[in-house]
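The sequence lines fix the lettering, A, B, ..., with proteins before strands; numbering per chain opens at 1. From a predicted model like this one, the values you see are computed outputs, not experimental measurements. Computation of the quantities below employed the complete heavy-atom set of this structure, encompassing side-chain atoms and omitting hydrogens, waters and symmetry-equivalent molecules.
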There are 2 protein chains.
Amino acid sequence: MQRGNYNKRCAIISAATAVFVRDGYVGASIDAIAEEASVSRQTIYNQIGDKEKLFVEVVRGINEQGSARLIAVLATFPDEPEDIGRELVEFAIRLTRDCLCDENSRALRKLIENEGSRYPELFETWKDYGPGKNWPAISARFARLARAGDIDLDDPDLAARQFMALIRADLPNEPGQMVSDAELAQAARNGVRTFLRAYGKREAALAL
Amino acid sequence: MQRGNYNKRCAIISAATAVFVRDGYVGASIDAIAEEASVSRQTIYNQIGDKEKLFVEVVRGINEQGSARLIAVLATFPDEPEDIGRELVEFAIRLTRDCLCDENSRALRKLIENEGSRYPELFETWKDYGPGKNWPAISARFARLARAGDIDLDDPDLAARQFMALIRADLPNEPGQMVSDAELAQAARNGVRTFLRAYGKREAALAL
DNA sequence: GACGAATTGGACAAGAGTGTCCAAAAGTCA
DNA sequence: TGACTTTTGGACACTCTTGTCCAATTCGTC
């Protein structure tokens, strides 16, 4: 009773994610989702309920996924770097690849931006579980680097925001376009170099 | 024959802009636009044609407006700065206030992001007239500053992208939320300070 | 094979939206 | 005033979507 249920349910949620992301809330039709999931429309109503419940489920799913990935990446922050430039670049690559460029994360941002005003509750979920939640964690890591003397900054929160902005600055951000590993690496290197020119020892930046 | 036409036409485009921005392409109904414009639905069909033509018209309008504003702001770039820090901050404030935070520009970005895939032609218009078109102009200004010895950089294009990213990094970017002048100024100052720490003489950054 | 639960597909009502048609009303200009 | 154009509002056909109902079928399990 659980097994079959569960498989269908996953297929539905997965298909719904794709369709909502592609067409937005209003543009997505239950029929399209049913077809994408290779499931009859009725099954969707049996399993989940109405369109809104389905949407909430989709957003929560992406949210949890993204949050988990972000936490995993944060765990790889170079707390005691030997070569701070290289290690920050590698961290930046992981961050952009797994958490920023990732198709679902971008989709989530888009969905939130578009439907957030219609479903304020989603906004709350996003604030609690979404990427924003973990920025303080990044700030704390930078603050620790500063205390250890690896970098020189006064406002870790600001530095964290700027770090994110810099490693994003050079990413091609056309919607739905794939970003190659080489582009990713180049963007990370450019961002980190400028970050270190501003906050690091000059040698570290020049070494990049 | 032109007079009455023209007024109605403007009212329609203006109302359509508001509704498309608020509800997206699919969510916007002709009836809602007609009501917002205080015009009968039939008049819209008489004046413009179908929904798609209306949408194209709206996007082109916002595009032209935004592009004009950006060019105007670019003309105020501090080419021969006395106090580079202060003048860059003031430039950054104008840029964010008039071109980035502006309600219509944000809306345009959103519309392009959502409907761009459906109307590739809009994407082209946006590339030709949109903000991206004028980035080379910013790069050129930074290159000139570098030649004059005011700042120290090797890749003006990259510097321009990072400048934009840095002055954006600290802007509150909740959709539809108003940004106060104080927040704007603070964000600009933070961004420019880091930019100058990386690319300028250290004194200029510290003076901020 | 047989039972019970889940799934399917088709039909259905209700609602909303688009685009067209048309006759009546309002506005414009000489 | 009179001729001409534009606007209006209502009616209409058509399509699409949502959500419900139901009988037939399939699936899992014993």
Side-chain angles (χ1 to χ4, degrees), chain A residues 1-61 110-111 114-115 117-119 121-122, chain B residues 1-61 110-111 114-115 117-119 121-122:
Chain A
M1 159 193 166
Q2 276 281 16
R3 190 72 143 285
N5 265 0
Y6 191 68
N7 282 341
K8 295 276 179 190
R9 199 169 208 281
C10 286
I12 291 169
I13 301 277
S14 159
T17 304
V19 176
F20 275 134
V21 162
R22 171 159 43 83
D23 300 335
Y25 182 79
V26 193
S29 82
I30 302 280
D31 291 277
I33 294 172
E35 192 184 8
E36 181 97 5
S38 303
V39 145
S40 104
R41 183 173 69 249
Q42 188 56 36
T43 303
I44 297 185
Y45 286 104
N46 286 346
Q47 289 276 349
I48 281 122
D50 59 8
K51 192 176 179 181
E52 188 168 329
K53 286 209 190 73
L54 184 52
F55 184 64
V56 171
E57 210 61 25
V58 162
V59 170
R60 222 190 29 177
K110 190 171 139 184
L111 284 180
N114 290 329
E115 325 291 353
S117 51
R118 233 187 299 268
Y119 303 93
E121 155 221 351
L122 284 184
Chain B
M1 158 195 167
Q2 277 282 17
R3 190 73 142 285
N5 265 1
Y6 191 68
N7 281 339
K8 295 275 179 190
R9 200 170 207 279
C10 286
I12 291 169
I13 301 278
S14 159
T17 303
V19 176
F20 275 133
V21 161
R22 170 158 43 83
D23 300 335
Y25 182 79
V26 193
S29 82
I30 302 280
D31 291 276
I33 296 173
E35 192 183 9
E36 180 98 5
S38 303
V39 145
S40 104
R41 183 172 71 249
Q42 187 58 36
T43 303
I44 295 184
Y45 286 103
N46 287 345
Q47 289 275 350
I48 281 123
D50 58 8
K51 192 177 180 180
E52 188 169 328
K53 287 208 188 74
L54 185 52
F55 184 63
V56 170
E57 210 62 26
V58 162
V59 171
R60 221 189 31 176
K110 190 170 138 184
L111 284 179
N114 290 330
E115 325 292 351
S117 52
R118 232 188 298 270
Y119 303 94
E121 155 220 350
L122 283 185

Give the rounded distance in Å between these two atoms: [atom1] of [X] and [atom2] of [N].
X	N	atom1	atom2	result
B:E35	D:dG9	CD	P	11 Å
B:N46	D:dT5	CG	C1'	11 Å
B:I44	D:dT6	CD1	P	17 Å
A:K8	C:dA5	NZ	P	18 Å

ask   = Using the C1' atoms of five pairs at each end, what's the angle between the two axes of the helix from C:dG1-D:dC30 to C:dA30-D:dT1, to 10 degrees?
value = 30°
message = Less than 4.0 angstrom between a side-chain N/O of B:T43 and OP1 or OP2 of D:dT8, yes or no?
response = yes
For [X], enumerate each residue passing the side-chain contact (heavy atoms from CB on, under 4.5 Å) test, keeping only those at least two apart in sequence or located in another chain.
X	value
A:E57	A:R9, A:I13, A:R60
B:A15	B:I33, B:E36, B:A37
A:V21	A:T17, A:A107, A:L111

request  = For residues A:K51 and A:V26, report the shortest heavy-atom separation together with the two atoms involved.
outcome  =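 Looking at all heavy atoms of both residues, the shortest contact is NZ-O, 3.7 Å.
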Got a list of protein N/O to nucleotides 21-26 of chain D N/O distances below 3.5 Å?
from   : atom 1 : to    : atom 2 : distance (Å)
D:dC21 : N4     : A:Q42 : OE1    : 2.8

message = Strictly by side-chain hydrogen bond (donor to acceptor under 3.5 Å, both in side chains), give each pair with a member in residues 23-32 of chain B just once, sequence neighbours left out.
response = B:Y25-B:Y119, B:D31-B:R41
task = I would like to know whether A:L54 and A:F20 meet side-chain contact (heavy atoms from CB on, under 4.5 Å); could you show each step before the answer?
result = CA-CA 10 Å; A:L54 184 52; A:F20 275 134; 4.1 Å; yes
message = For B:K53, is there any backbone N or O sitting under 3.5 Å from a side-chain donor or acceptor partner on B:D50?
response = yes
query = When rounded to the nearest 0.5 angstrom, what distance separates CD1 in A:I30 from CD1 in A:I44?
reply = 5.5 Å
task = Output all residues satisfying side chain to side chain donor-acceptor pair (under 3.5 Å) with A:E35, sequence neighbours left out; order by chain, then residue number.
result = none
Which pairs, protein N/O on one side and nucleotides 16-19 of chain D N/O on the other, fall under 3.5 Å?
from   : atom 1 : to    : atom 2 : distance (Å)
D:dT18 : OP1    : A:A28 : O      : 3.2
D:dT18 : OP1    : A:I30 : N      : 3.1
D:dT18 : OP1    : A:K51 : NZ     : 3.3
D:dT18 : OP2    : A:I30 : N      : 3.2
D:dG19 : OP2    : A:Y45 : OH     : 3.4
D:dG19 : OP2    : A:K51 : N      : 3.3
D:dG19 : O6     : A:R41 : NH2    : 3.2

request  = Report the nucleotide, chosen from C:dT8, D:dT7, D:dT8, that has the shortest atom-to-atom distance to any side-chain atom of B:Q47.
outcome  =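 The listed nucleotide nearest to B:Q47's side chain is D:dT7.
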